[in-house]
Amino acid sequence: MNKKLAILLSAVLMLVSLFPMGIAETAYQGTGPGYGGELKVEVVMEGETIKDILLLENRESSPVVKRAFPAIRDRILEAQTPVVDSVSAATFTSYGVKSAVANALREAGKEVEKITFDTKGPEKEPVTLEPVKTDIVIIGGGPAGLTAAIAAKEAGVENVIVIEKLGIISGNGKFDMNCFDVINSKAQKDAGMDYTKEMFIESKQNAGETPERLQAWAEGANEQDAWLRSFGVELNHCMGGTVHMAEVDAYAGEEIQDGMEARVRELNVDIRTDTKGYDFVFDGDKVVGVKVQHLNESYDILADAVILATGGFSANKELLAKYAPGAEIVATSNQMGATGDFVPLFEKYDYQIKNMDVLIVFKQIIKHRRDLTGAGDGFIFVNENGERFADESSSGLGLAHKILEQKKVFYIYDQALYDSSYRLVKHNKLGYHTKADTLEELAAALKIDAENLKASVDGYNKGVAGEAPDPFREKSFTRPFAAEGPYYGVQIESAIHMTKGGVVTDAKARVLNKDNQVVEGLYAAGEVTWISGAYSAAMVFGRIAGQEAAAVVLQK
């Protein structure tokens with residue numbers, strides 16, 4: 001080898017050593033059992049390193065998977081193993097993703113321990129951190145909490161922290177089909193409807209509100225559509241009256257919560273998930289913060305104002321048994337975080353609570369899922385013998401208990417009812433309901449007695465026609481079953497959808513004690529309060545809480 005060639009080769013080797021060629025990326029696929037069925041992921045490897053995880057296929061609930069997958073993906077990438085904690089409020093989805101990633105890694109020739117539903121990451125020693133100081137701290141990342149955060153930031157408050165005990169935010173609101181009690185909306189105006197504040201107040205005279213709170217609610221409902229549209233949230237379909245969806249084929253909840261989450265990120269709100277508030281911090285009687293637990297870390301968040309937005313207690317059987325006996329044996333359609341964590345503190349600190357026995361019971365949810373299902377006129381409930389057993393027009397705990405007394409209960413309906421409800425259309429497209437051309441075929445698919453099912457439909461139709469008294473209803477529904485199919489069915493149960501009792505607040509969302517005095521520094525909104533409304537009212541009083549707390553902060 002001549003001298004020049006040797007020098008050139010040496011230079012090339014030096015460059016290679018300084019700038020080594022990158023390791024090629026290789027992708028492996030794996031499947032796992034999700035909440036809605038099998039899901040598939042692709043794991044991108046660079047040598048021994050997990051570089052990325054892609055979700056290829058899934059049948060998970062959209063409001064859950066879009067929030068949970070990024071969180072569980074980040075945990076796996078950070079740990080470089082699927083042996084990590086699941087994302088709370090998305091445990092089934094987390095289990096599916098972890099299992100799928102483990103299977104993909106095995107395809108890559110890696111040894112991975114068996115993933116079970118209880119698989120967790122390594123335990124960490126508990127630590128106590130120094131207090132954190134902020135202007136406003138909001139406990140709960142559901143509709144009321146996010147609304148309060150946006151309102152406070154829009155009012156000019158610089159430092160706002162939202163803590164959420166679950167691994168994903170937006171509460172049960174992200175699942176809601178409808179947003180009730182919205183007035184003065186663009187959709188109403190486009191439909192030629194003029195729904196005024198005065199009409200709203202008149203409609204809520206028996207709702208149990210104080211005149212001051214009712215006035216505040218009406219004013220907030222009157223502004224709500226314009227406020228949501230100010231950051232891109234559009235409720236373009238008015239179903240009649242004050243009931244709105246995003247579109248004729250799109251749920252309101254997903255549109256609203258996606259938009260609010262985007263808005264809090266835009267406003268740089270400090271969102272802390274997996275962070276549970278468990279007690280207040282006091283200066284005398286004034287609330288000046290909250291004690292929190294984040295995984296293995298405990299610390300205080302000190303603030304000039306504290307806003308409580310933790311939701312109700314539909315998922316706490318002990319509290320249900322205490323305040324609404326009989327409700328504790330009924331399922332819930334609310335989120336797993338609706339456990340009323342602060343209710344014992346209201347009692348401990350002599351805060352006023354009210355309406356604790358008032359519940360919203362949804363008569364039918366899909367058995368083995370939390371999805372509200374069903375629609376209005378023209379259906380029957382039958383047991384596995386194909387027999388009706390209750391007045392389907394009834395509701396509440398009485399109907400819920402009758403359904404529980406049966407081994408299995410099915411919601412049966414026809415094409416006309418299907419055509420009237422987007423919820424039914426959606427659930428059939430997702431494969432949650434069963435469709436058949438005849439009642440006999442439907443009975444076979446659902447494994448119920450065909451002759452009894454036909455007799456039940458026939459008896460219902462005779463009641464509607466006035467040919468014979470309905471054995472279960474004093475007044476039958478007005479629409480009969482169609483003489484020809486298709487027909488539809490799904491196994492159902494009743495569920496506690498919402499608790500309506502909680503801590504008492506005034507028109508400015510300030511918490512009141514048992515002496516009817518304002519608790520300084522503490523505000524509350526949403527289902528944690530004695531709320532007469534629901535989703536929309538949580539946002540209205542969340543916004544009031546954020547604005548009122550901001551006014552205190554900005555006056556300092």
Side-chain angles (χ1 to χ4, degrees), residues 87-89 126-149 152 157 159-173 264 269-283 285-316 318-319 334-351 353 499 502-503 505 509-511 513 519-529 531 538 541-542 545-546 549 553:
V87 177
S88 54
V127 295
T128 302
L129 305 180
E130 291 296 315
V132 171
K133 182 68 175 76
T134 189
D135 295 321
I136 296 174
V137 61
I138 300 166
I139 311 168
L146 294 186
T147 305
V157 175
N159 300 307
V160 177
I161 294 175
V162 174
I163 63 169
E164 168 56 55
K165 72 176 182 180
L166 301 179
I168 57 177
I169 60 175
S170 276
N172 218 40
V264 294
V269 174
D270 184 349
I271 304 287
R272 303 186 180 194
T273 54
D274 294 306
T275 304
K276 179 181 179 179
Y278 63 89
D279 204 349
F280 298 117
V281 179
F282 291 94
D283 181 3
D285 291 331
K286 180 181 179 181
V287 176
V288 295
V290 59
K291 295 182 177 295
V292 306
Q293 181 81 35
H294 171 66
L295 305 178
N296 64 313
E297 301 170 343
S298 299
Y299 61 99
D300 293 347
I301 300 178
L302 306 178
D304 296 317
V306 176
I307 300 175
L308 195 59
T310 50
F313 54 95
S314 296
N316 188 321
E318 183 178 339
L319 289 180
N334 213 309
Q335 62 167 332
M336 63 181 290
T339 50
D341 299 343
F342 279 78
V343 171
L345 296 181
F346 301 152
E347 298 174 332
K348 177 180 178 180
Y349 298 127
D350 286 332
Y351 297 162
I353 57 176
T499 51
V503 70
T505 54
R510 299 177 297 185
V511 170
N513 64 22
V519 178
E520 189 178 1
L522 184 60
Y523 304 79
E527 202 177 339
V528 72
T529 68
I531 186 169
F541 284 100
V553 170

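- Sequence neighbours left out, not one pair with a member in residues 134-147 passes salt bridge (charged side-chain N to carboxylate O under 4.0 Å, His left out).
- Inter-residue side-chain proximity for Thr505 and Phe541 is flagged as unmet; no heavy-atom pair is nearer than 4.5 Å.
- Residue Thr310 holds its OG1 atom at 9.5 Å from CD of Glu527, rounded to the nearest 0.5 Å.
- Phe342 contributes atom CZ, which lies 4.0 Å from atom CD1 of Ile139 (distance to the nearest 0.5 angstrom).
- Taking each heavy atom of Arg272 and Tyr299 in turn, the nearest pair found is NH1-OH, 3.0 Å.
- For the atom pair Leu345 CG and Asp279 CG, the distance stands at 5.0 Å (nearest 0.5 Å).
- Formation of a donor-acceptor pair under 3.5 Å by the Ser298 side chain with backbone atoms of Gln293 is not found in this model.
- Summarising the geometry, atom OG1 belonging to Thr339 is positioned 3.5 Å from atom CG belonging to Asp341; distances are rounded to the nearest 0.5 Å.
- Applying the 6.0 Å contact sphere to CD of Glu347 captures more than 12 heavy atoms from other residues, nucleotides or ligands.
- Ring-plane geometry between Phe282 and Tyr349 is classed as perpendicular, the angle between the planes exceeding 60 degrees on a 0 to 90 degree scale with a lower cut at 30.
- Under the salt bridge (charged side-chain N to carboxylate O under 4.0 Å, His left out) criterion, the residue pairs touching residues 294-308 are Lys133-Asp304, Lys291-Asp300, Asp304-Lys556, with sequence neighbours excluded.
- Proximity of Phe346 to Leu308: side-chain heavy atoms (C-beta onward) are separated by under 4.5 Å at one or more points.
- Side chain of Thr134 to backbone of Asn159: a donor-acceptor contact under 3.5 angstrom is found.
- The backbone N or O of Gly312 sits nowhere less than 3.5 Å from a side-chain atom of Thr499 that would complete a donor-acceptor pair.
- Judged by distance alone, the side chain of Thr147 and the main-chain N or O of Gly145 form no donor-acceptor pair under 3.5 Å.
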Can you check side-chain contact (heavy atoms from CB on, under 4.5 Å) on Val162 and Val264, steps first, answer last? CA-CA 10 Å; Val162 174; Val264 294; over 6 Å; no

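- Atom CD1 of Ile163 and atom CG of Asp270 lie 11.0 Å apart (nearest 0.5 Å).
- Note that CG of Leu522 is 12.0 Å distant from CG of Asp285, once rounded to the nearest 0.5 Å.
- In this structure, Glu520 places its CD atom where only 12 or fewer heavy-atom neighbours from other residues, nucleotides or ligands lie under 6.0 Å away.
- The two residues Ala152 and Val160 come nearest to each other via the heavy atoms CB-CG2, 4.1 Å.
- Residues Leu319 and Gly340 share a closest heavy-atom pair of CD1-O, 3.7 Å.
- Nearest heavy-atom pair, Ala545 versus Ile307, reported as atom, atom and distance to 0.1 Å: O-CD1, 3.7 Å.
- Checking each of Thr275, Asp274, Thr273 against His294 for a side-chain hydrogen bond (donor to acceptor under 3.5 Å, both in side chains) leaves exactly one that passes, namely Thr275.
- Closest of all the heavy-atom pairs between Ala538 and Gly526 is CB-CA, 3.7 Å.
- Between Val288 and Val306, the shortest heavy-atom distance links the atoms C-CG2, 4.4 Å.
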